[in-house]
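Any value given below was found using the heavy atoms of this structure, including those in side chains, with hydrogens, waters and symmetry copies removed.
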Amino acid sequence: MSNSILAKGIFSWYNTEMGRKIFFIFLLFIQCVFCQGRDFINYKCDKFTAELREKGRIKRLILEGNVKIIYGDTRIRCEKAIFDVENGDIEAEGNVEVKSKFGKIECKEIYYNLYKKDGFFSEGDFSLPPFYGRVKRIEKKKEIFILEDGYFTTCDLKPPHYRVMCKRIEYSPENYLKGKKIKIIFGEKFTLFYLPRFTISLKEKKSPFHFIPGYKTHFGKFLTFIFTHPLNKKSKFISSENIKIGTKGMGAGLEIYSLENFPKTDFKFFILKKWEEKKPEKGSVFEFKDIRENKFGNIDFIIDWRWMENKDFFYHYFKSDYYRKYKMYNNFSISQNFGNNILNFLVRENAGEDFLKIEKLPELRFYIPYCRIKNSPVFLSSNFQITSFNKEEKFLRIMENIKFETKKNFRYFTVKPWISLSAVDYKDKDCENFNFVKEIGINTSFLLYKFSPSGRQDYIIPSISFTLRNQNYRKEELPYFDINEEFGSGKFIGFKIKWNLWKDKDYSGEIGLDNFYDIGRNTFSDSLFKYKINFNKCTLTGENLINFSKNGLIYGINDFGLEIGKFKYEIGTRYLKDEIWGLENWFEHRIGENWKYRIGIYYDFKNNIFLKESLEIWKRLHCLMLNLSIAKEKKEFSFYISLIPTAFLEKEKWERRFLKW
């Protein structure tokens, strides 16, 4: 009796409007939450109607008035929606807004599948940071957006400061953005450039386009257009085209480089035609590094080569490479590993630099870095080299070196004795010298450490070596090619020390010294002193090459840096024997969030000239960064203005401008 009364009560409650709503919500909950392991679908609206299949399963829901649908990371708002519960299809209209992890799309109507996350969007606005825009149609396929007939920009204002009009846009968040039939527009109507198609790499944080007006003494007034993009949407190579038009000439350049470390490729080319010159000037740089596996082991390829019309051309149009490659040879190298054995082929060429005299054209080397002799504590290393040198005239050197060494570890120090034998044959067109070098030595290294209550940890590793060396010829009687001719017969002491500094398990710096002393001649060879120390807001870095016996300081770079709040300052000495003795310093100040300026002065006391004076000013203009640069470098004056979208600003890099020093 009680069951019958309960059934009647439930039936009468179901016939009410509120009862039917709760009942359908309950059915929707059962089907959507526990069906096929899908995420819970939550919705809210002013009015809904449900269409049922056989056996009471819900087929479709018609939602009206302030509709909100939530599924996973997707949120939909609209005025009306028809939802197929089983397939996940949604038809929505009326002020539609779709939010997901990618951003927001606002449009008139959509056809979307919640489960597959695919669909179509009618005309509307999109906000998919860092991109914003408006298009006639959007299609979404999983994590790819296809946008047709509209524009994109990195400016979130309406109207935007600039926009890129496209017939078709393909966008993959965090990967790429590809457009066809492109027109770049600033403001309302100013069209800057037309392009048939363009791809932006979102993995490479570089501006896709630069427009730079400016002036340089050697080139006059100019306009530079730079376009940076992947070769295609899935390419691991970035291409950058450079067009320069000036009052004294016209130039064009190309750079192609890889995003991966292996293989690492970087090719640069630039050609310049001055109006008054008949022939154009040109230059290029090519770098390639790769490691491949084969049945023998690994094979390494290294190419670092440059071709230049003349030094001035290379200095003006490959400035960063000019500083980086100063006093460096062109190199081509192939190394093949055969287990513990390595075969290397090397060509070293002077790259057109007058002071690079000793070339290797070519060198063949077979060496064993370290090989344990069966189960003994003795290790063998071997090095066989055939080198054709070009030093004013051709010279051939054949060298074989065998070294035996062992070591014994004690509690706080290590002892390592060795014996080395070398046979060196020097040949040229006039004579032949055979040099037999015998060397015996011992090395002792210590590990000293200290922990202080303040959290500082010091690790000091001093190393002392004693070497007895005997050879057939004095070093003055042999042609000098490299370090193998640096030492003659005699007794030598080597000293190294490395001091590592830590603070509460954070690395705070290191100090190192490496030198070699000839006991019989009472002379030092060149000693290297390096340091890098961080403390509070200050940084000390330095690298110095010193000869304590004769020349004193040969080469030196020493910097002191300070950063306090919005201020940065760095001052450093530069020394290169018989070339430069100078001072480099710069000061930077950030004013609020939108202004920053930097002043730099580089002075050479030896030649009593300013190598460079520079002023740079940065101003953030909402979505764009304005950069004004004025510089005087030797006899060259330059001035330029650039405008870069802030979305593509690279991280700040405080690299030395004068790597040549």
Pairs under 3.5 angstrom only: tabulate donor-acceptor contacts from the side chains of residues 191-199 to other protein residues two or more places apart or in another chain.
none

Asn331, Leu361, Asn330, Leu356 screened by side-chain contact (heavy atoms from CB on, under 4.5 Å) with Arg348, the one that passes: Asn331
Between [Y] and [X], is there a salt bridge with N-O shorter than 4.0 Å?
X      : Y      : value
Lys311 : Glu353 : yes
Glu287 : Lys325 : yes
Asp506 : Lys503 : no
Asp321 : Lys268 : yes

[X] and [Y]: aromatic ring centres closer than 6.0 Å?
X      : Y      : value
Phe121 : Phe126 : no
Tyr215 : Phe639 : no
Tyr569 : Phe567 : no
Tyr603 : Phe605 : yes
Tyr507 : Trp502 : yes

Side chain [X], main chain [Y], donor-acceptor under 3.5 Å:
X      : Y      : answer
Trp275 : Thr247 : yes
Lys289 : Asp304 : no
Asn536 : Cys538 : no
Tyr317 : Gly283 : no
Lys550 : Asn547 : no
Glu349 : Ala351 : yes

What pairs meet the side chain to side chain donor-acceptor pair (under 3.5 Å) rule with one or both residues in residues 149-160, with sequence neighbours excluded? Asp125-Lys158, Asp149-Lys167, Thr154-Tyr162, Asp156-His622
Just list the side-chain donor-acceptor pairs under 3.5 Å for residues 176-184, sequence neighbours left out, or say none.
| unit_1 | atom_1 | unit_2 | atom_2 | d |
| --- | --- | --- | --- | --- |
| Tyr176 | OH | Glu170 | OE2 | 2.6 |

Would you verify whether the NZ or CZ of Lys140 falls within 45 degrees of the ring axis of Phe145 while also being under 6.0 Å from that six-membered ring's centre? yes
